[in-house]
Engineer: 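Here's a structure for you.
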Amino acid sequence: MDQFSAEACANIALIKYMGKSSQVDNLPANPSISMRLDYLKTKVVLQKNSNSNINNWKPLKENEWQLLNLDESAQRKFLSFFEVLQKKFGDENKWDIYSANNFPSDCGLASSASSFAALTQAALQAFQKTLSLEEMSKLSRLGSGSSCRSFFKWALWNDDGAEEIISPWPDLMHFAVVVSKAKKKISSSQAHKMVTSSPQYENRPDRAIERARYLTKIITAPLSEQDWARAYQIIYSEFEDMHTLFETCKEAFSYKTKETLEVLQYLKKQWMNLKDGPLVTMDAGPNIHLIYRKNQSMMVSDFQEKFGKKYQIIRSG
Ligand code: DP6
């Protein structure tokens, strides 16, 4: 067979991977925890091309998959990871690599986790290798660190690959509030390097380890009102911690815009007044991720009413 395809999902980090102990191998400086976003997907198709002497990336054109425009450096990162896999498994063919997401590529949502996890799986099919989820996670990490968490619904990534956290929590709803679609001036790969010059970086692993331990305890127990509020506190301090690293490193920068701050302010107030609200986090960008329980539909409609006309909201279910 000359064609292979695979799909994989994005994930959102609740404890963040920021800073690497090895830049080459994408080994993290601290543990991270994520929830998979099963509705945000990438599809990768590999087509053998005997007429080419190089591998090529091309946008996948299929119904329901949105046309992707990967810039040069993203294409290079994707192709060079594929070549690492080829070398590892002794494949000398040349391939056209097609990919697309089922969400818009200009919406500021990172698709690297889903892309690299899908590429890993498609490549293994092409090379006729069957690996466990843990082994696939380790391989995928070499392409882009955060992709190693996309193999599990709830993932803990501590070392060279992620493992599953078994959680009794019910299915949650995810919202990405897109306050800006502008291309980021600093990519997350650059941010990983820059944060190391922050005076707060030295103790960063200790803080992340502590939060990861606490959050694991919470999400492995049945969901209670109290634990939801605790999870909110941990997850909020965690993304603020990461953003403080950006804002205090040598060439300090910030992803937050006044729109970001307005939304965060609203959510903080809501939590203060109602002692309830969504879990709130941000990645290396200006957009805000919200995680709601299914019985918070009133809060969801209030949020939509206030911000739904102003900003694009990408949401599950
Ligand atoms: C802020 O996985 O994109 O989203 O390993 O260099 O490809 P590379 O970095 P990447 O970093 C993601 C950083 C983050 C936090 C997270 O997802 O944990």
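For ligands, and for the atoms within them, numbers begin at 1 and follow the listed sequence.
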Engineer: Pick whichever of H243, K16, H192 has a heavy atom sitting closest to atom 9 (O) of ligand 1.
Structural biologist: H192
Engineer: Would you kindly say whether Q190 and S187 are connected by a side-chain donor-acceptor distance under 3.5 Å?
Structural biologist: yes
Engineer: Between CD of E7 and CD of Q121, what distance do you get to the nearest 0.5 Å?
Structural biologist: 10.0 Å
Engineer: May I ask you to list the atoms of ligand 1 that are less than 4.0 angstrom from any heavy atom of A284?
Structural biologist: 1 (C)
Engineer: For the residue pair N55 / Q86, report whether a side-chain donor-acceptor contact shorter than 3.5 Å exists.
Structural biologist: yes
Engineer: Can you report which non-hydrogen protein atom sits closest to atom 16 (C) of ligand 1, along with the distance?
Structural biologist: R149 NH2, 3.4 Å
Engineer: Going from CG on L215 to CD on Q233, what distance comes out if it is rounded to the nearest 0.5 angstrom?
Structural biologist: 12.5 Å
Engineer: Starting from atom 2 (O) of ligand 1, which protein heavy atom do you reach first, and at what distance in Å?
Structural biologist: S146 OG, 2.7 Å
Engineer: Output the list of atoms in ligand 1 that are nearer than 4.0 Å to some heavy atom of A13, sorted by atom number.
Structural biologist: 16 (C), 17 (O), 18 (O)
Engineer: Between R36 and W154, is NZ or CZ placed under 6.0 angstrom from the six-membered ring centre and within 45° of the ring axis?
Structural biologist: no
Engineer: Is there a heavy atom of R141 sitting under 4.0 angstrom from any atom of ligand 1?
Structural biologist: no
Engineer: Which of the atoms of ligand 1 are close to S189, meaning less than 4.0 Å from one of its heavy atoms?
Structural biologist: 6 (O), 7 (O), 8 (P)
Engineer: List the atom of K77, the atom of G143, and the distance in Å for their closest heavy-atom pair.
Structural biologist: CE-O, 3.4 Å
Engineer: In terms of atom number and element, which parts of ligand 1 are under 4.0 angstrom from non-hydrogen atoms of K77?
Structural biologist: 6 (O), 7 (O), 8 (P)
Engineer: Judged by modelled atom types alone, do T257 and E259 share a side-chain donor-acceptor pair under 3.5 Å?
Structural biologist: yes
Engineer: Rounded to the nearest 0.5 Å, what's the gap from OG on S137 to CH2 on W157? Could you check?
Structural biologist: 8.5 Å
Engineer: Are any of the N or O atoms of M242 closer than 3.5 Å to those of ligand 1?
Structural biologist: no
Engineer: Which part of S144 is near ligand 1, with near meaning a heavy atom under 4.0 Å away: side chain, backbone, both or neither?
Structural biologist: both
Engineer: For S188, which part has a heavy atom under 4.0 Å from ligand 1: side chain, backbone, both, or neither?
Structural biologist: side chain
Engineer: Regarding D71 and K183, does a basic nitrogen lie under 4.0 Å from an acidic carboxylate oxygen?
Structural biologist: yes
Engineer: Looking only at protein heavy atoms, which one is nearest to atom 15 (C) of ligand 1, and how far off is it?
Structural biologist: Y17 O, 3.5 Å
Engineer: What do we get for Q190 next to ligand 1 when only non-hydrogen atoms under 4.0 Å count, side chain, backbone, both or neither?
Structural biologist: neither
Engineer: Just jot down the ligand 1 atoms closer than 4.0 angstrom to any heavy atom of N26, in number order.
Structural biologist: 5 (O)
